[in-house]
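Below you'll find the structure, written out as structure tokens, and then a few comments.
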Amino acid sequence: LVGGTLKSWGGPVTEVYSSISTTPSYQPTLLGSIPDMGEEAAHEALEAALNAYDKGKGVWPTMKVRDRIACMEKFLKQMITQREPVVRLLMWEIGKSLPDSEKEFDRTVEYIRDTLEEYKQLDRDCARFKKAEGVYAHIRRGPLGVVLCLGPYNYPLNETFALLIPAIIMGNTTIFKPAKHGVLLITPLLEAFRNSFPKGVVNILFGRGRAVAGPIMKTGKVDVLALIGNSLSANALQEQHPKSNRLRLVLGLEAKNPAIIMPDADLDLTLQECLAGTLSFNGQRCTALKIVYVHEDVREKFLSAFSEAVDALKFGNPWDEGVKLTPLPEPGKPDYIQELIDDALARGAKIMNAKGGQRTENFIWPAVLYPVTRDMRVYQEEQFGPVIPVVSFREIDEPLDDMASSNYGQQVSLFGKDVYTLAPLIDTLANLVCRVNLNSSCQRGPDVYPFTGRKDSAQSTLSVHDALRSFSIRTFVAFKDN
Ligand code: G3H
């Protein structure tokens, strides 16, 4: 979709496979193909976005708030009609379970509705005149220009839209490249984009990020880089921008969120929260619990119950009843997880659960690894998949020191009861990460709460409230009382 036109494509294509197999002897399923676009298409999309912005005098950046809202409402109405194909593609393309796929779609619809409400409120707030020292000010929020937006494969609809929707509604024009896995599910929405927004406001590019996003960045004409994914891609793109200091960054990147289990924690609740926290969508969430610190006094009890619970989870296809573990969409992921396990075993860890590390072509059973030490790859790397490193501690300073020296700082889960111990600890933890979850696993939602991180985990803040601010700038008209 470039400049409001659904382009027919005569160039090379890339086949899209699902890691889900329908044959008894494993064979990935061919789902379809997408255009393999390159530099030429990328420049065309950029031109379309620049023309639509038209140095701030385009139809979209100057459009009245109520008219922009009407466009978005039109889009939403049409999007809702595509629920069934999008949900089906979420299951096939990324292996997300049926309930979670439905939740992703519905959460996105809700996100758009809430964003529109927040946008109306923002406009009402801005409409008030302020006065200080005889000067009146009419403060507004204006667009930033052209936004390049790249979404992740684990939430190809929801997180992509958490970037794209606020960027659009604030009056920016956008170029969007879908994730590699979860790319086809954008196609049922192309018509809705085309019918709802003026020419050039939303431009969608298919192809490899390096081939299409790189050339756009090199022009220096992008004002905002919005990306949820890994810092390697974000840094590479940022560096290509000739004036990267002018670039607004809205980034959601890696995290290694720890669970800290205190000796007085309610172990049943902790176990359930840790299970969901480590293994929802096979651990492929930036908010997943990626390391578990358990106090020595409860280590044995926790480890044996947790290992048993991991092995009792159901593996199957996304549409199977009660399924919790599903095929991994990235073909290389089981091998990568295997490498982490082998490295840990070679350095003295053990697999605590009977099924841990069992392999099929598209899956590896989550291994609970203990004792994990700082020299192991599984301690250092963001595994983004089904393997759970467990570290025991005696003094709380041990996990705190680890968190302080980590490159990441998104969230933490703290399990315990004694308020006199927890209260000062919460204050310290809040200075190391951006969200402290008390007796619950880490997560992004509810979407009205700020979603961000310290250090390499994020730049800017997302949420219904914050994203509108991340994709805009305060401007004002000042006049004197005379
Ligand atoms: O991949 C990171 C996502 O933002 C996680 O979102 O906590 O809603 O699963 P979630």
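One-based numbering, in listed order, for ligands and for the atoms of each.
Between the side chains of Glu254 and Ser231, at least one donor-acceptor pair of N or O atoms lies under 3.5 Å. Checked by atom type, the side-chain pair Gln410/Asn257 shows a donor-acceptor distance below 3.5 Å.
Between Leu205 and Ala42 the shortest heavy-atom distance is CD1-CA, 3.9 Å.
The protein heavy-atom contact nearest to atom 2 (C) of ligand 1 is Cys286 SG, 2.2 Å. Among protein heavy atoms, atom 6 (O) of ligand 1 sits closest to Arg444 NE, 3.0 Å.
Among Asp447, Asn154, Asn158, the residue whose heavy atom sits closest to atom 1 (O) of ligand 1 is Asn154. The residue from Phe281, Tyr153, Tyr155 that puts a heavy atom closest to atom 9 (O) of ligand 1 is Tyr155.
Heavy atoms of Phe451 found under 4.0 angstrom from ligand 1 belong exclusively to the side chain. Proximity of Arg107 to ligand 1, defined as any heavy-atom pair under 4.0 Å, is confined to the side chain (atoms from C-beta onward). Proximity of Glu159 to ligand 1, defined as any heavy-atom pair under 4.0 Å, is confined to the side chain (atoms from C-beta onward).
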Note to self: As a quick check of understanding, evaluate salt bridge (Lys or Arg N to Asp or Glu O under 4.0 Å) for Arg88 and Glu84, giving each step before the final call.
What the structure shows: CA-CA 6 Å; Arg88 196 146 23 96; Glu84 203 259 320; 3.0 Å; yes
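Close approach to Thr287 involves these atoms of ligand 1, each under 4.0 Å from a residue heavy atom: 2 (C), 5 (C), 6 (O), 7 (O), 9 (O), 10 (P). Heavy-atom contacts of Gln443 reach the following atoms of ligand 1: 7 (O) (cutoff under 4.0 Å).
Salt bridge annotation for Arg107-Glu110: absent, with no cationic side-chain nitrogen under 4.0 angstrom from a carboxylate oxygen.
Under the 6.0 Å distance and 45° angle rule, Lys96 counts as a cation-pi partner of Tyr155.
When Arg377, Lys256, Lys290 are each tested for a salt bridge (charged side-chain N to carboxylate O under 4.0 Å, His left out) with Glu382, only one passes: Lys290.
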